[in-house]
Engineer: 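I am attaching a structure below and will ask some questions about it afterwards.
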Amino acid sequence: MLFSRPMIPIDILVYGIGLAGVAAQAAAGVLEAGRKPFDLFGVVIVALAAALGGGSLRDLLLDRTVFWIADQSYLITALTAGLVTFALVRFVRLPGKLFLLPDAVGLALFTVSGTQAALALGAPWLVASLMGVVTGVFGGIVRDVLCNEVPLVFSGELYATASWAGALLLIAMKASGATPGTSALAAGVLVLVIRLGAMRFGWRLPVFSARL
């Protein structure tokens, strides 16, 4: 057709989403670590943990080579994004919770890439959705623990729930015949909308409170 555009191959799409997610989470790690008296080495460790932790656990659970070992482009991207963010924040005063914005973007991107990676290996839909959640949230858990903070996924507004909703939407759209690009975009937008809405309006799950 005259005005048709070639479809982006799914492997290239997932690769690009993964790199973008790594960069976003590395930046979020630096911004959160910047609120602590960490030196450059400490900040870089937090950034790498945030950027690579979720995907590493996913790959170990799926019994495949850890993604940043198989392709060091992810490691280089995380290091570059972390160092660039570190350099920028030394010259610009930023709000204390600014890290929540790149964290939300990283959550959306990692949810999509993690779910796609699991589906590509033939994982059942429920397993694939949970692998998307693991990829999206685990790096943030490690980041928060290293920064001596209660992980957002355990105490804050909707976080893992947003990730799981996006993962399930992606799987449902792929099953219905939607293109990979459309499925990825819709799932990522859903995660981002839920997460940003939760941050803005305080949406959260009920908190356990036992009667003693």
Side-chain angles (χ1 to χ4, degrees), residues 8 11-60 64-117 131-153 156 159-160 162-163 184 188 191-192 195-196 199:
I8 300 176
D11 54 342
I12 296 178
L13 179 66
V14 174
Y15 187 66
I17 291 173
L19 287 174
V22 163
Q25 286 290 19
V30 171
L31 291 174
E32 181 169 3
R35 301 188 298 164
K36 306 291 183 177
F38 292 167
D39 61 12
L40 176 59
F41 179 78
V43 170
V44 169
I45 292 299
V46 173
L48 292 179
L52 308 177
S56 298
L57 179 58
R58 174 203 64 210
D59 291 342
L60 291 173
R64 73 174 196 172
T65 304
V66 175
F67 71 109
W68 56 270
I69 295 177
D71 183 353
Q72 67 174 358
S73 296
Y74 293 102
L75 181 59
I76 293 173
T77 298
L79 283 170
T80 302
L83 291 173
V84 168
T85 305
F86 180 84
L88 289 176
V89 298
R90 289 178 62 84
F91 299 103
V92 180
R93 180 179 293 275
L94 300 174
K97 292 190 175 182
L98 182 64
F99 78 94
L100 292 174
L101 294 179
D103 177 75
V105 174
L107 177 67
L109 294 170
F110 273 161
T111 296
V112 171
S113 65
T115 306
Q116 293 277 27
M131 289 301 100
V133 175
V134 166
T135 308
V137 308
F138 188 72
I141 293 175
V142 177
R143 176 200 66 211
D144 293 340
V145 170
L146 290 175
C147 292
N148 197 29
E149 299 285 349
V150 176
L152 289 172
V153 68
Y159 195 90
S163 177
V191 176
L192 196 57
R195 179 61 187 138
L196 293 178
M199 291 163 53

Engineer: Find the distance between CZ (Arg143) and CZ (Phe138) and round it off to the nearest 0.5 Å.
Structural biologist: 12.5 Å
Engineer: Just wondering, do Leu31 and Thr85 contact through their side chains at under 4.5 Å, heavy atoms?
Structural biologist: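 Answer yes - side chains close enough.
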Engineer: Can you name the closest pair of heavy atoms from Gly136 and Leu107 and give their distance?
Structural biologist: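 Looks like O-CD1, 3.5 Å.
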Engineer: Taking atom CG of Leu109 and atom CD1 of Ile17, what is their separation to the nearest 0.5 Å?
Structural biologist: 7.0 Å
Engineer: Grab the two heavy atoms, one from Leu152 and one from Asp103, that are nearest each other, plus how far apart they are.
Structural biologist: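 Scanning both residues, the minimum pair turns out to be CD1-OD2, 4.1 Å.
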Engineer: Without placing hydrogens or testing angles, list every side-chain donor-acceptor pair under 3.5 Å for residues 48-58, not counting sequence neighbours.
Structural biologist:
unit_1	atom_1	unit_2	atom_2	d
Ser56	OG	Leu52	O	2.7
Ser56	OG	Trp68	NE1	2.8

Engineer: Does the side chain to side chain contact (heavy atoms under 4.5 Å, CB included) test come out yes or no for Val30 and Val84, once each step is laid out?
Structural biologist: CA-CA 10 Å; Val30 171; Val84 168; over 6 Å; no
Engineer: Measure the shortest side-chain to side-chain distance between Val44 and Leu83 over non-hydrogen atoms and say whether it is less than 4.5 angstrom.
Structural biologist: yes
Engineer: Kindly determine whether Tyr74 and Asp71 satisfy side chain to side chain contact (heavy atoms under 4.5 Å, CB included), including the steps that lead there.
Structural biologist: CA-CA 6 Å; Tyr74 293 102; Asp71 183 353; 4.0 Å; yes
Engineer: Which distance, rounded to the nearest 0.5 Å, do you find between the CG of Leu75 and the CG of Leu79?
Structural biologist: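 If we round to the nearest 0.5 Å, Leu75:CG and Leu79:CG are 5.0 Å apart.
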Engineer: Without swapping roles, check the side chain of Asp59 against the backbone of Phe67 for a donor-acceptor pair under 3.5 Å.
Structural biologist: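 Side chain of Asp59 to backbone of Phe67, a donor-acceptor pair under 3.5 Å: yes, one is there.
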Engineer: Should Val105 and Gln25 count as side-chain neighbours, where that means a heavy-atom distance under 4.5 Å?
Structural biologist: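 With C-beta onward as the side chain, the pair stays apart.
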Engineer: Looking at every heavy atom in both Gly29 and Val46, which two are closest together, and how far apart are they?
Structural biologist: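 Looks like O-CG1, 3.5 Å.
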Engineer: For Gly82 and Ala26, which heavy atoms make the closest approach, and how far apart are they?
Structural biologist: N-CB, 4.1 Å
Engineer: If you look at every heavy atom in Ala162 and Val191, which pair is closest and at what distance?
Structural biologist: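 In this case the closest contact between Ala162 and Val191 is O-CG2, 3.4 Å.
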Engineer: Establish, yes or no, whether a centroid distance under 6.0 Å links the rings of Phe38 and Phe86.
Structural biologist: no
Engineer: From Glu32 CD over to Leu146 CG, what is the distance, rounded to the nearest 0.5 angstrom?
Structural biologist: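 One finds 9.5 Å between CD of Glu32 and CG of Leu146.
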Engineer: Flag yes if more than 12 heavy atoms outside Asp39 fall under 6.0 Å of its CG atom; otherwise flag no.
Structural biologist: yes
Engineer: Hey, could you give me the CE/CD distance between Met131 and Gln116, rounded to the nearest 0.5 Å?
Structural biologist: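 Nearest 0.5 Å value for the CE-CD distance: 15.0 Å.
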Engineer: I want to check something: taking the side chain as every heavy atom from C-beta on, are Tyr15 and Ser73 in contact at a cut-off of under 4.5 Å?
Structural biologist: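 Yes, side chains in contact.
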Engineer: Shortest non-hydrogen contact from Leu196 to Ala104?
Structural biologist: CD2-CB, 4.1 Å
Engineer: Quick check against the 3.5 Å criterion: does Ser113 have a side-chain atom that pairs as donor or acceptor with the backbone of Phe110?
Structural biologist: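 Flag set: sc Ser113 to bb Phe110 pair under 3.5 Å.
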